[in-house]
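These notes are about the structure you will find just below.
For the single chain, residues carry numbers from 1 onward in sequence order.
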Amino acid sequence: MTSILQKDGGEASPADTSDILARFAATTARLAAARAEVRRVILGQDAVIDQCLAAVLSGGHALIVGVPGLGKTKLVEALAAALGLATRRIQCTPDLMPGDILGSEVLDVDAAGARSFRFIEGPVFTELLMADEINRASPRTQSALLQAMAENRVAVAGLNRELPRPFHVLATQNPLEQEGTYPLPEAQLDRFMFEIRIDYPGLADERAMLLATTGTTQSRVNAALDPASLLAAQHLVRAMPVGERVLDGIMRLVRGARPETPILPELKEALAWGPGPRAAQALMLACRAQALIDGREAPSLDDVASLAGPVLRHRMGLSFAARAEGVGIEALIGRVVTTALG
């Protein structure tokens, strides 16, 4: 496993090599156990589970999009339990205020009549926050959540308050209902590492799901990690190397998906905007995380191809002409991936 034996820009010593090997083996075993625990209760969504794990391992946030009843909430709950993270849930509504998420100061009066302010933490002070139907929250509330996602801290009553580490947001969105919703602005969308699409399960998985969820007993998810081991895994992801072919592939893919530097001639007219450098950063980390989940010491071009959709689909905007002609963003990304990665 020489490809991961790097330390401070140079070759690792034999002692460091042994330590890295041990940490790599222990981490991959724990991640395999966590993935197996989630798959026991979330059937037929293996790719979605891996993408959620990759987002968390990369230190990012994810937006999960799917119609009602596909288990989005249960997926987040199972993931939090398998990773051993404290979790809270926000049900977003148009009247939800920033203070309902961040917390607020209250005035206390003691027995002697002395007054003092006390801060009551909101649900954002957790390790894994689920924002259910995030597009129902008003722009004012969405902007408060944006600071938490971007800076890992929130400003309340003139003070910056640090959030726990790790801190991740897994938000859900219903693509069907648009009445009473506030579409997420591009700046907010770009803070999500992935936009994960969850679809209907296959026939066999749905049959197994019916049998597993309508009986007298329900499966429980056991913790395979804890916050400290998750932080160590996130550090290991950033220490993994990326080969030149993979790096060049990521650069060709992201830069080629912009209307200013299109890899396909039709992109110049089909796209209103393309992915920025944050997309390349997200794809680099996600490929490393996926390799670690699979027990591989370095990512491959296959990882780039499989993760291009979740990373790019919310960072590319179709032009009016393309939408009028019925061009789909998924098909467009597919052609970009094929051309960029061969």
Side-chain angles (χ1 to χ4, degrees), residues 35 38-39 41-58 60-79 92 128 130-136 142 149 168-178 181-186 188-206 209 253-254 257 270-271 273-275 278-279 282-283 285-287 289-290 293 302-318 322-323 326-338 341:
R35 179 163 62 171
V38 179
R39 286 182 175 181
V41 297
I42 305 296
L43 304 177
Q45 303 292 350
D46 291 353
V48 171
I49 292 170
D50 281 0
Q51 289 167 18
C52 289
L53 279 173
V56 172
L57 280 175
S58 302
H61 315 284
L63 178 64
I64 306 172
V65 179
V67 300
L70 294 183
K72 299 185 294 294
T73 302
K74 189 173 182 64
L75 169 63
V76 178
E77 292 174 349
L79 191 68
C92 296
L128 184 62
M130 179 181 179
D132 208 3
E133 295 190 273
I134 188 173
N135 56 327
R136 290 197 177 280
Q142 289 179 11
M149 294 167 59
H168 302 281
V169 175
L170 295 183
T172 70
Q173 183 171 305
N174 177 3
L176 298 180
E177 298 178 359
Q178 300 302 321
T181 64
Y182 302 86
L184 273 66
E186 284 70 30
Q188 177 89 352
L189 284 172
D190 197 40
R191 293 297 178 181
F192 286 103
M193 183 174 186
F194 287 166
E195 181 184 311
I196 300 172
R197 300 283 176 89
I198 182 169
D199 207 347
Y200 297 104
L203 175 61
D205 291 316
E206 191 164 0
M209 187 187 307
L253 179 62
V254 174
L271 291 178
W273 72 87
R278 188 177 285 123
L283 194 51
L285 288 171
C287 290
Q290 186 60 57
I293 292 170
D302 290 338
D303 296 319
V304 180
S306 65
L307 294 169
V311 170
L312 296 180
R313 62 172 59 112
H314 59 300
R315 293 184 167 101
M316 299 169 64
L318 293 173
R323 293 198 301 271
V327 176
I329 194 67
E330 297 295 330
L332 207 60
I333 292 174
R335 294 201 295 273
V336 171
V337 169
T338 300
L341 304 182

Tightest non-hydrogen contact, residues V311 and A279, listed as CG1-O, 3.5 Å

Would you say the side-chain atoms of R313 pair up with the backbone N or O of I329, donor to acceptor, closer than 3.5 Å? no

Check: K72 side chain, G66 main-chain N or O, donor-acceptor pair, under 3.5 Å: yes

First locate atom OG1 of T338, then atom CG of L253, and finally report the distance between them rounded to the nearest 0.5 Å. 10.0 Å

Minimal heavy-atom distance between Q45 and D199, with the atoms involved, is NE2-O, 2.6 Å

How far does CG of L63 sit from CZ of R191, to the nearest 0.5 angstrom? 15.0 Å

Salt bridge or not between R39 and D205? Use side-chain N to carboxylate O under 4.0 Å. no

How close do Q142 and I134 get, counting heavy atoms only, and between which atoms? NE2-O, 3.4 Å

Please find the pair of heavy atoms, one from M193 and one from G60, that lie closest to each other, and give the distance. SD-CA, 4.2 Å

Considering all heavy atoms of both residues, which atom of I293 and which atom of A54 are nearest to each other, and what is their separation? CD1-N, 3.7 Å

Just so I know, are the side chains of Q173 and L184 near enough to count as touching, which here means a heavy-atom distance under 4.5 Å? yes

Run the side chain to side chain contact (heavy atoms under 4.5 Å, CB included) test on M130 and L170 for me, step by step, so that the C-alpha distance in whole Å, both residues' side-chain angles and the decisive distance to 0.1 Å come before the verdict. CA-CA 5 Å; M130 179 181 179; L170 295 183; 5.5 Å; no

